[in-house]
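The next block holds one structure in the form of structure tokens; read it before the comments.
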Amino acid sequence: MGTHNHHHDYNFGEKFQFAGIAKILSLVGIAVGVVAVAIGLMSSDHIMVERTYANLLLMGYYFTCVCAAGAFFLALQFVTQSGWSAGLIRIPQAMASVLPIAAIILLLIVGLGLFTHNLYHHWHADGLMDENSPNYDALVAGKQAFLNVPGFLIRQILFMGSYSIFAFILAKLSYKEDLEGGLNSYKKSFKLSAIFLVIFGFTTPIWSFDTVMSLEAHWFSTMFGWYNFAAMWVSGLAAIIIILVLVRKAGYLAWVNENHLHDLGKLLFGFSIFWTYVWFAQFMLIWYSNIPEETVYFYKRWEPEYKPWFWLNVIINFLAPLLLLMDRDVKRKEGMMLFVAILLLCGHWLDYYIMIMPGTVESHRGFGFIEIGTAIGFVGLFTFLVMSKLSKHALAPKNHPFLEESLHHQI
């Protein structure tokens, strides 16, 4: 009997206290972001305004992707009926709960970008679709059925709206399970997750075609959606690892140990390789077949101002996790995992930077106060919202049917 009762030593009702230096820093981050964006938008230089919009799109998209990855993580655990993750499920849950806010911010950014012509002007500019206009572009006009403002905005609202609703309900069901016990919430979550994963799987590629690929409307790649999904999933896993390690360092989540971290590390390692596989497949096929309408994308990224960043992207997002996470022991060490996860979040910022900048500011690329400030602002916002959400509920889903399995998880 004694072996069964050992888990009562854990205080499953404990709540995370989001206060002190962490809270202050996140608010300072938000302030820095607001100042950076304000300076950029109020600039009299048009290129500066465009650069600010490009950075807003980059970070707004990144923020939404990481929160969506939290929802995806949740759904995946339910559908696979995983037991190992039950003890840390509140972290991706907090990320998923913030998705509606992230979605609204991204919607505002793309909406304003469209109407001020600072974003998507490759297909949303005067005369592009009009045969009699000197600006007429036959390629863009041919895509008019898909690339038009009402369709674009309706798709954004539908996709992000449906992800947000699923994320919200999944989190709500889990909190309900804390109060009521039983398997009712779990069974509902299972069904919802199965539906969500099908919708998410089919719509995320289209969402990334719209949000990022249409910045360069002449070019298309059928692999772009999976490439974006891989980046989203790796960034989401990295965010979960960072929050987990920091919350544990603050003295919480005693029931999560190096076995759980090891599993997260394996996912991070595996999907960094998957990201590389999709990146390379897209790059290699275009490079090898050398068709002008395809190579235009990489041609821009091989210009001197982008080429070093282009290769650095592969080094950080492929070589670093490959070499650093290969060893079993590394995946079980909190400090090392924290380092790799932060490195990969920076690496995927660079990945999105290389996706977005050549289609917006083109050769007027910059890296300075606007880039760093906007990034700090969104990191602060993410931290503030996710940690506030995390502090609202108990850190363990005490009535989760697989919690016991999570406590005994060993690999």
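Predicted, not measured: the structure shown is a model, and the values here were computed from it.
- Pairing each heavy atom of G111 with each of L153, the nearest pair is CA-CD2, 4.4 Å.
- Here the options are L99, L107, T203, the test is side-chain contact (heavy atoms from CB on, under 4.5 Å), and the partner is M160; only L107 passes.
- In this structure, M337 and V330 approach most closely via the heavy-atom pair CG-O, 3.8 Å.
- Ring geometry for W123 versus Y120: interplanar angle of 30 to 60°, hence tilted.
- Closest of all the heavy-atom pairs between S391 and K15 is O-CD, 3.8 Å.
- A side-chain contact (heavy atoms from CB on, under 4.5 Å) with M387 is found for exactly one of I243, L246, V98, namely I243.
- Note: F367 and W309 have tilted aromatic rings, judged against thresholds of 30 and 60 degrees for the angle between ring planes.
- The aromatic rings of W287 and F283 lie parallel to each other, with less than 30° between the two planes, well short of the 60° mark.
- When side chains are defined from C-beta on, I101 does not count as touching L381, because their heavy atoms never get closer than 4.5 Å.
- Between F16 and F18, the ring planes are parallel. Angles under 30° get that label, and only those over 60° would be called perpendicular.
- Side-chain atoms of H124 do not come within 3.5 Å of backbone N or O of H117 as any donor-acceptor pair.
- Annotation: side chain of Y61 is in contact with side chain of W207 (closest heavy-atom distance under 4.5 Å).
- Panel note: side chain T276, backbone S272; a donor-acceptor pair is recorded below 3.5 Å.
- Counting only distance, with no hydrogens or angles, the side chain of R301 and the backbone of Y297 share a donor-acceptor pair below 3.5 Å.
- In K307, the NZ atom is crowded: over 12 heavy atoms of neighbouring residues, nucleotides or ligands sit closer than 6.0 Å.
- With hydrogens and angles disregarded, no donor-acceptor distance shorter than 3.5 Å links the side chain of R51 to the backbone of M357.
- Between the side chain of Q81 and the backbone N or O of F78 there is no donor-acceptor pair closer than 3.5 Å.
- Relative orientation of the F224 and F209 rings is tilted, given thresholds of 30° and 60° on the angle between their planes.
- For the pair S164 and P100, the tightest heavy-atom approach, listed with the atom from each and the gap, is OG-CA, 3.5 Å.
- No side-chain heavy atom of E293 sits less than 4.5 Å from a side-chain heavy atom of W219.
- Using a 30° and 60° split on the angle between ring planes, W84 and H409 fall in the tilted class, from 30° to 60°.
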Residue pair T360, E50: steps toward the side chain to side chain donor-acceptor pair (under 3.5 Å) verdict: CA-CA 7 Å; T360 48; E50 200 172 25; over 6 Å; no
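- Residue F280 qualifies as open at atom CZ: its count of foreign heavy atoms under 6.0 Å is 12 or below.
- Panel note: side chain R90, backbone L395; no donor-acceptor pair is recorded below 3.5 Å.
- Put simply, the side chain of V234 does not reach to within 4.5 Å of the side chain of F274, judged on heavy atoms.
- Side-chain atoms of H260 come within 3.5 Å of backbone N or O of S406 as a donor-acceptor pair.
- In this structure, Y10 and W255 have perpendicular ring planes: the angle between them is above 60°, well past the 30° mark.
- Looking only at side-chain heavy atoms (C-beta outward), L261 and V245 come within less than 4.5 Å of each other.
- Using modelled atom types, one side-chain atom of T52 and one backbone atom of M48 make a donor-acceptor pair closer than 3.5 Å.
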Derivation of the side chain to side chain donor-acceptor pair (under 3.5 Å) call for N399 and E177: CA-CA 6 Å; N399 292 322; E177 181 185 67; over 6 Å; no
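- In this pair, Y306 and Y353 present their aromatic rings tilted. The plane angle is within the 30 to 60° band.
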Worked verdict on N118 versus H121 for side chain to side chain donor-acceptor pair (under 3.5 Å): CA-CA 7 Å; N118 282 307; H121 44 68; over 6 Å; no
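- Side-chain contact between V340 and F269 is absent, with no heavy atoms from C-beta onward closer than 4.5 Å.
- Between F152 and S214, the shortest heavy-atom distance links the atoms CE1-OG, 4.1 Å.
- Aromatic rings from W279 and F310 are positioned such that their centres are separated by under 6.0 Å.
- Side chains of L403 and F12 form a contact here, defined as non-hydrogen atoms less than 4.5 Å apart.
- F298 CZ: more than 12 foreign heavy atoms inside a 6.0 Å radius.
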Working for salt bridge (charged side-chain N to carboxylate O under 4.0 Å, His left out), residues K266 and D263: CA-CA 5 Å; K266 284 194 287 192; D263 265 345; 3.5 Å; yes
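- The two residues L325 and G265 have their closest heavy-atom pair at CD1-O, 4.2 Å.
- For the salt bridge (Lys or Arg N to Asp or Glu O under 4.0 Å) condition, no pair includes a residue of residues 70-89, sequence neighbours left out.
- Ring geometry, F72 versus W233: the interplanar angle exceeds 60°, so the pair is classed perpendicular (tilted spans 30 to 60°).
- Taking the side chain as every heavy atom from C-beta outward, Y352 and N228 approach each other to under 4.5 Å.
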